[in-house]
Structures are given as C-alpha cells and as structure tokens.
Amino acid sequence: MPTRPAGPRRWATAVRAALRTFRTELGKGQAGSEGLLNPRQRADHELLDSLGVAVYVTDPAGRITYFNEAAAELWGCRPMLGDARFCGSWRLFWPNGSPMRHDECPMAVAVREQRAVHGGEAVAERPDGTRVPFAAYPTPLRDSAGHIVGALNVLVDISGRKATEAALADSEARLRAVFDTTPECIKVVASDGTLLRMNPAGLGMIEADGAGEVEGRSVFTLIAPEDLAVWQANHARVCAGEAMSWEFAVVGLRGGRRRMETHAAPLPLPGRVVAQLAITRDVTARHEAEQRQSMLAGEVDHRAKNVLAVALSVIRMTRAEDPRRFAEAVEGRIAALAHAHTLLADQHWVGAELRWVAETELAPYLAARCADSSGPPVVLAPGAVQPVAMVLHELATNAAKFGALSHAGGRLELSWTVPPDGTLRLVWDESGGPPVTTTGPPGFGSKLIEATVCSQLGGTVVQDWRPQGLRCEIVIASQWLRLDGGARSADPTPSGRMPTRAEMRDSDGGLNGPHVLLVEDEPVVALEFEMTLRRLGYQVVGPAATLGEALRLIETEERIDAAVLDINLAGSPSYPAAERLSERGVPVIFATGYGELAYEWRDGGRARVLRKPLGPGDLEAALRQLIGHDPARQPAPQDLGGRPLATPENGAGSPAVPAAAGQ
C-alpha cells in the first residue's frame with residue numbers, strides 16, 4: 001500500500017494543487033496525455049501518487065482521464081483512460097450488498113447533477129473477488145468562466161472503520177442479548193435515584209409490563225419503606241465511587257414484595273456524572289427457605305425435647321414391684337413412642353394409616369393369630385399418631401398381663417368405623433381370658449388412656465369390664481382424621497367439654513393452696529405436672545389440652561393464682577391465653593421445648609420460661625419465685641385420687657402412683 005502523507009494538511013494542499021492543475025488541463029483539453037505534461041503538471045501527478053489516497057479525474061462526460069496508484073490499488077485494476085466512466089472499479093455494490101451500476105455511483109451523481117457529493121458510500125469488488133468499502137468525495141471542476149470541465153474524486157478506504165463498526169455492532173448485540181436474556185435484574189440508576197435502564201427480568205420482578213412504566217421515574221418508590229434509608233445511603237456511596245453489595249425488599253407496582261440481593265458499582269456517564277450499575281438477584285425463595293429451615297430446626301428441637309419430656313414422665317410415673325417389671329413397663333412405653341415416631345418420619349410427618357399404627361402395636365399377637373384388626377382406610381393426622389399408639393400400647397400391655405392375651409385361647413378383636421359425624425370409633429374387644437376383676441384404684445395406664453383420649457384427642461372412653469373380657473369403646477374427634485387423603489384442618493379444640501375426671505381430683509387436700517392453671521397437650525407430661533403440683537400442695541385447674549379449653553377455664557374459673565402453659569398446643573400457640581392471664585394479673589410459666597419464644601412477652605417480669613424436659617424442682621422453684629408459695633407450709637401431699645402420697649421429703653423416694661392394670 002502507498003504511504004499516506006504525514007497529515008491532513010499535506011493531503012489538502014496536494015488536492016488543492018491538483019485541482020488547479022486538472023482544471024487548467026481540462027480547460028485546454030490536455031488531460032490524459034502523459035507525455036504532454038509539463039514539469040509542473042508532472043510534479044503534481046507525482047505528489048498525488050504519493051498521497052496514499054485514491055484520486056481520479058474525469059472529463060465532463062464522466063470518462064476517466066487520470067487516476068493515481070492508490071486508486072488503481074483500491075480498484076485492483078487499471079481502467080482504460082478515456083474509456084471507463086465514473087469509476088474504475090471492476091464491480092460496485094451498495095453498502096447493503098446489492099449490486100450498484102456505475103452510473104449510480106457518487107461520481108456519476110456529481111457529474112450528472114453538477115454538484116459535490118461528499119461521503120457517499122459504496123463497495124468496490126476487485127477482479128480477484130475481494131471487496132473494499134469506500135467513501136467517495138466527488139467534486140465538479142469548473143473553468144474561470146464557471147463552466148464544468150470535469151470532476152475530481154477522492155476515494156477513502158473505510159475497511160478499518162467498517163470492521164470497527166461491525167465489531168462494535170457485534171459487541172452491542174452480545175451485550176443486548178445478555179441484557180435482555182439474563183434472569184437477573186440489570187439496572188442503571190442516576191445519582192438522584194432516576195431509573196435510567198432496566199432489563200426485562202428486572203421489569204418482571206417489579207411487576208412492570210414495560211420499561212415505559214418505570215424508566216424515568218424515581219427508583220426510591222419501589223424500595224420497601226423499612227429499607228429505603230439504607231438503600232439511599234448505599235446508593236450515594238456507590239455514586240461516590242464505591243462498589244457495594246446489600247439486601248433489601250422491593251414493593252412491585254401490583255403490591256407484591258420480594259427480597260433482593262444487589263451488587264452495585266459506579267458507572268461513569270457523559271458529563272462527568274456517575275450512576276449506579278447494579279445486578280440484582282431475587283432471593284425471596286432463598287430467604288423463605290432459610291426462614292423455613294430455621295423454623296424447622298426449632299420445630300425439630302421442640303419435638304425432640306417434647307419426646308424426652310414424655311419419656312421422662314413415663315419413667316417417673318411408672319411403678320412396679322421389682323426393677324425387671326419396671327424396666328419392661330418403661331421400655332414398652334418408650335418403644336411405642338419410638339414406633340409412632342418412625343411411622344411419622346416415614347410419611348414425612350403428614351400422618352399415618354391407623355392400620356399401620358395398630359399392626360405395629362399388636363404385631364406379636366397378630367403373628368400368633370390371637371388378635372385381629374379390621375376397619376376402613378383411615379389416616380390419622382400427625383398430632384394423633386403418637387397418642388393413639390400410646391393408647392393401643394397401654395390396652396395391649398394390660399391384655400397381655402391381666403386380660404385375654406395373658407391366657408391360652410384368649411382372643412382380641414380390634415375394629416374401627418367412621419360414623420356419619422366423621423368421628424373415629426375404635427372398639428377393643430377381648431374374650432376367652434381369665435375372669436376380670438376391677439378391684440383397686442385405676443393405675444397409670446388407665447389414667448393415661450383417659451387423659452389421652454379425652455383431653456388430647458377430644459373424645460370419650462367407655463370401658464366395660466365384662467366377665468369374658470374387657471370391651472373398650474373409644475371415640476376420637478373428627479379433626480384428628482384425614483379420611484379423604486387430604487389434610488383435614490386439625491383444629492385441636494374438641495367440640496365437647498373436657499372430662500371432669502373426678503376421681504383424679506384430691507378429696508380435700510390443696511383446696512386452700514394456690515390455684516394453678518395447667519395447659520399441656522401431652523397427656524403423659526400433663527399427668528406428671530398435675531401430680532407434681534398436687535404433691536406441692538397446689539389446687540390444679542384443668543389440665544387443658546387445647547387453646548379453646550384454656551380460654552374457657554380462664555373465663556369461668558374465679559380463682560387462678562398462676563399458670564403453667566405449654567406454648568405449642570397441637571399447632572396452636574398458647575399466647576392468647578397468656579395475654580388473657582396477663583390482663584388478669586396472673587403470672588405465667590411457659591414450659592416449652594422451643595429454644596426461644598417466638599413472641600415478645602411484656603408483662604413486667606411476671607413470667608418464666610422452663611425448657612423441657614424439666615429437671616427435678618424446676619417447676620417448684622419457678623412457682624416459688626412467682627407467687628412465693630412454700631410447700632413446707634401445706635398439708636401432706638396427696639395423689640391424684642386423694643390418698644396420702646409418699647415423697648422424697650418423708651423418705652419414701654419418688655412420688656408413687658397407685659398400681660393397677662396397665663401400670
């Protein structure tokens with residue numbers, strides 16, 4: 001390629017000189033005869049040849065009379081002087097690639113219309129097939145009288161510029177594709193908060209149908225009020241030159257809220273201003289998952305502690321004549337809890353088939369063909385699986401020790417039906433066993449069955465001690481069933497009232513002691529708490545197993561001096577009951593398996609939190625702190641049936657429970 005002159009000044013000077021030369025030559029009719037050029041003209045030609053810019057001249061009809069070497073190199077050929085017209089290229093094309101006739105090129109327009117045509121673009125194809133885009137600057141040449149004597153054209157190779165434009169266009173297309181298709185929000189925000197640009201993903205996150213709805217408006221209106229001040233402060237820091245990341249909430253145009261995580265950096269704009277360029281990710285799902293995980297961890301912790309509390313209550317209240325029978329009784333009850341837990345875990349805690357629960361507890365007797373079970377498909381709600389398992393375990397244990405399953409030829413029939421009212425009716429029918437006797441007070445197993453069915457499951461228990469064997473009919477409230485395979489609302493509030501349990505009240509002891517409301521949905525734990533409170537000389541109000549029953553007792557009982565509340569009552573929090581008690585000035589003890597209260601409690605310090613499982617003396621110490629009750633000043637403690645109770649203080653060891661069937 002010829003070397004281009006050092007600068008535009010030399011190029012312009014040379015062209016002006018050439019114009020004068022060719023104007024004179026054309027006026028005299030001497031152009032095209034190289035041998036007739038005088039030394040000055042020859043010097044001008046040599047100067048144009050050295051420019052490195054393609055230059056050629058035509059006569060008034062557009063026939064080429066001169067071209068320099070740069071023009072010949074651009075065209076890839078040397079056209080015949082006086083024969084080729086308008087342009088010396090082999091072929092011409094428009095910028096869009098369509099063919100261009102020579103009489104349509106910029107030089108042809110300049111000659112035909114006798115005017116300068118500057119900057120017109122075309123593409124020259126060389127004989128070897130290569131193409132060169134160029135910009136043409138044709139100018140008519142006039143003599144001293146103003147007559148057209150020809151035209152001069154300067155061709156500028158714009159291949160480099162076109163390559164740069166193509167690269168920029170390609171880069172712009174890629175950036176546009178990224179901008180339009182990325183699933184994250186990309187936005188540009190001016191220093192005053194004006195939203196300048198936002199991609200389609202971002203528009204969807206803020207519930208905008210198009211960019212026109214939000215671009216040009218203040219982005220501050222989209223930030224949640226609680227996060228606005230921090231967002232504005234961070235935005236100012238980014239526009240001052242600092243890259244930052246933070247989380248905030250947005251409120252969409254339709255009112256939807258999303259949690260966002262943004263990564264922002266300063267973006268210089270024309271005019272020496274800086275905006276915020278940010279990539280923002282919707283982390284609502286992650287945020288909710290983290291919350292669910294935290295809640296799940298707390299719930300797992302709560303359930304584990306509740307199970308431990310039940311296990312400890314079982315151990316503390318189980319009575320037997322010797323260590324072996326004690327171990328057997330405890331092992332059986334804890335195994336029943338474990339079996340129920342396994343069933344729930346296998347079903348992801350959505351419930352369990354009643355048939356599975358029954359077959360698990362009666363497995364050895366079903367295998368020995370001395371027991372049978374029958375009934376329609378019934379799915380127990382999650383909160384009913386462990387209670388039903390415990391009830392069946394106590395009945396099976398009693399039958400194996402004292403009833404039909406303790407005798408060769410004895411038989412057990414377990415059946416269930418679902419009456420039209422939607423309740424579950426279980427019938428436990430023993431036959432062929434030894435003669436039944438019912439002497440003595442009910443044991444722990446009987447109390448556990450009654451408390452579980454009546455208090456926790458909102459049902460009833462009717463036991464008929466026939467000579468041929470026990471017949472026990474149990475009704476469980478409909479809210480604890482999932483008959484249609486879908487989750488039926490497990491509102492734990494029974495439709496009927498709580499049982500009186502008159503036999504579980506003391507006859508006269510503790511009537512003058514403080515009245516303590518007991519609210520606990522785990523029957524075993526409730527029994528232990530009640531026994532402990534009576535041992536300490538308290539009068540027990542309840543126990544209530546549901547929020548509804550607790551609220552009823554709060555409204556109807558004239559005297560409540562303190563309350564012991566489980567926080568989770570089969571899925572319903574007991575906080576409404578605690579608030580009502582606080583209004584009455586009653587101090588509250590929360591006995592819970594949760595690590596912390598999910599509630600900001602304000603009652604002037606008249607509340608305590610005890611973590612399950614409770615240690616020995618925890619309940620006594622908390623009540624003494626709250627109401628100053630001293631068990632040493634109370635009458636001798638009595639059991640749940642009103643009989644004197646042995647205690648560690650009188651040297652008899654742990655509190656005793658009357659022995660009976662189903663210890």
So CD of E450 and CD of Q463: to nearest 0.5 Å the spacing works out to 8.5 Å
State, with a plain yes or no, whether a side-chain heavy atom of W416 is found less than 4.5 Å away from one of V427. no
- Query: Could you go step by step and tell me if R584 and D561 meet the salt bridge (charged side-chain N to carboxylate O under 4.0 Å, His left out) rule?
  - Reply: CA-CA 10 Å; R584 290 183 55 174; D561 300 298; over 6 Å; no
Taken to the nearest 0.5 Å, the spacing of L581 CG from L565 CG works out to 6.0 Å
One should read off an interatomic distance between D566 CG and L518 CG, to the nearest 0.5 angstrom, of 9.5 Å
Residues E288 and R286 bridged, charged N to O under 4.0 Å
no
Exactly one candidate in I474, T417, L380 meets side-chain contact (heavy atoms from CB on, under 4.5 Å) with L424; the answer is L380
Would you mind checking if R580 and E583 are paired as a salt bridge, meaning a charged N to carboxylate O distance below 4.0 Å? yes
**Study point:** side chain to side chain contact (heavy atoms under 4.5 Å, CB included) evaluation trace for V564 with L619
**Key:** CA-CA 9 Å; V564 179; L619 192 57; 3.8 Å; yes
When rounded to the nearest 0.5 Å, the distance separating OG of S415 from CG of D372 is 9.5 Å
Decide if atom CZ of R254 counts as having more than 12 heavy atoms of other residues, nucleotides or ligands within a radius under 6.0 Å. yes
Do the charged groups of R411 and E430 touch, with an N to O distance under 4.0 Å? no
Minimal heavy-atom distance between V251 and A224, with the atoms involved, is CG2-CA, 4.0 Å
Between A477 and G458 the two heavy atoms that sit nearest each other are CB-O, 3.7 Å
Is the shortest side-chain heavy-atom distance between V391 and L448 below 4.5 Å? no
OH of Y365 to CG of L405, rounded to nearest 0.5 Å, is 6.0 Å
Smallest heavy-atom separation, L366 atom then S373 atom, equals CD2-N, 4.2 Å
Is any side-chain heavy atom of Q539 closer than 4.5 Å to a side-chain heavy atom of P514? no
Checking T360 side chain against W356 main chain: does a donor-acceptor pair fall under 3.5 Å? yes
Here the gap from L392 atom CG to W428 atom CH2, rounded to the nearest 0.5 Å, amounts to 6.5 Å
Any heavy-atom pair between the side chains of I589 and L623 that's under 4.5 Å?
yes
* Would you find a donor on one side and an acceptor on the other, under 3.5 Å apart, between the side chain of H515 and the backbone of G513? -> yes
Between L547 and L569 the two heavy atoms that sit nearest each other are N-CD1, 3.6 Å
request  = Determine, for R552 against E557, whether the closest basic-nitrogen to carboxylate-oxygen distance falls under 4.0 angstrom.
outcome  = no
Shortest non-hydrogen pair, P587 vs I627, comes out as CG-CG2, 3.8 Å
Whether the side chain of T546 engages the backbone of E549 through a donor-acceptor N/O pair (distance < 3.5 Å, no angle test) should be reported. yes
Closest heavy-atom pair, R559 versus V541, reported as atoms and distance to 0.1 Å, is O-CG2, 4.3 Å
Between D429 and L412, is there a side-chain heavy-atom distance shorter than 4.5 Å? no
(Q) Assess whether a salt bridge exists between R259 and E226, defined as any Lys/Arg side-chain N lying under 4.0 Å from an Asp/Glu carboxylate O. (A) no
Expected output: side-chain D227 to main-chain A249 donor-acceptor under 3.5 Å | yes
Exercise for review: Just do the side chain to side chain contact (heavy atoms under 4.5 Å, CB included) check on V540 and R534 with the steps written out, would you?
Suggested key: CA-CA 7 Å; V540 177; R534 293 187 181 282; 3.7 Å; yes
* Asked: What do the steps show when you test V379 against L481 for side chain to side chain contact (heavy atoms under 4.5 Å, CB included), and what is the final call?
  -> CA-CA 6 Å; V379 178; L481 310 184; over 6 Å; no
| request: Answer yes or no: is there a side-chain heavy-atom contact under 4.5 Å between D464 and L470? | output: no
- Query: Hey, are the side chains of W465 and R471 touching, using non-hydrogen atoms and a 4.5 Å cut-off?
  - Reply: no
For V385 and V357: C-alpha separation, side-chain torsions, deciding distance, then whether side chain to side chain contact (heavy atoms under 4.5 Å, CB included) applies.
CA-CA 7 Å; V385 175; V357 177; 4.1 Å; yes
Requested in this report: Could you tell me whether a side-chain N or O of T452 sits under 3.5 Å from a main-chain N or O of I449, the two making a donor and an acceptor?
Outcome: no
So do L517 and L553 actually touch side chain to side chain, heavy atoms under 4.5 Å? yes
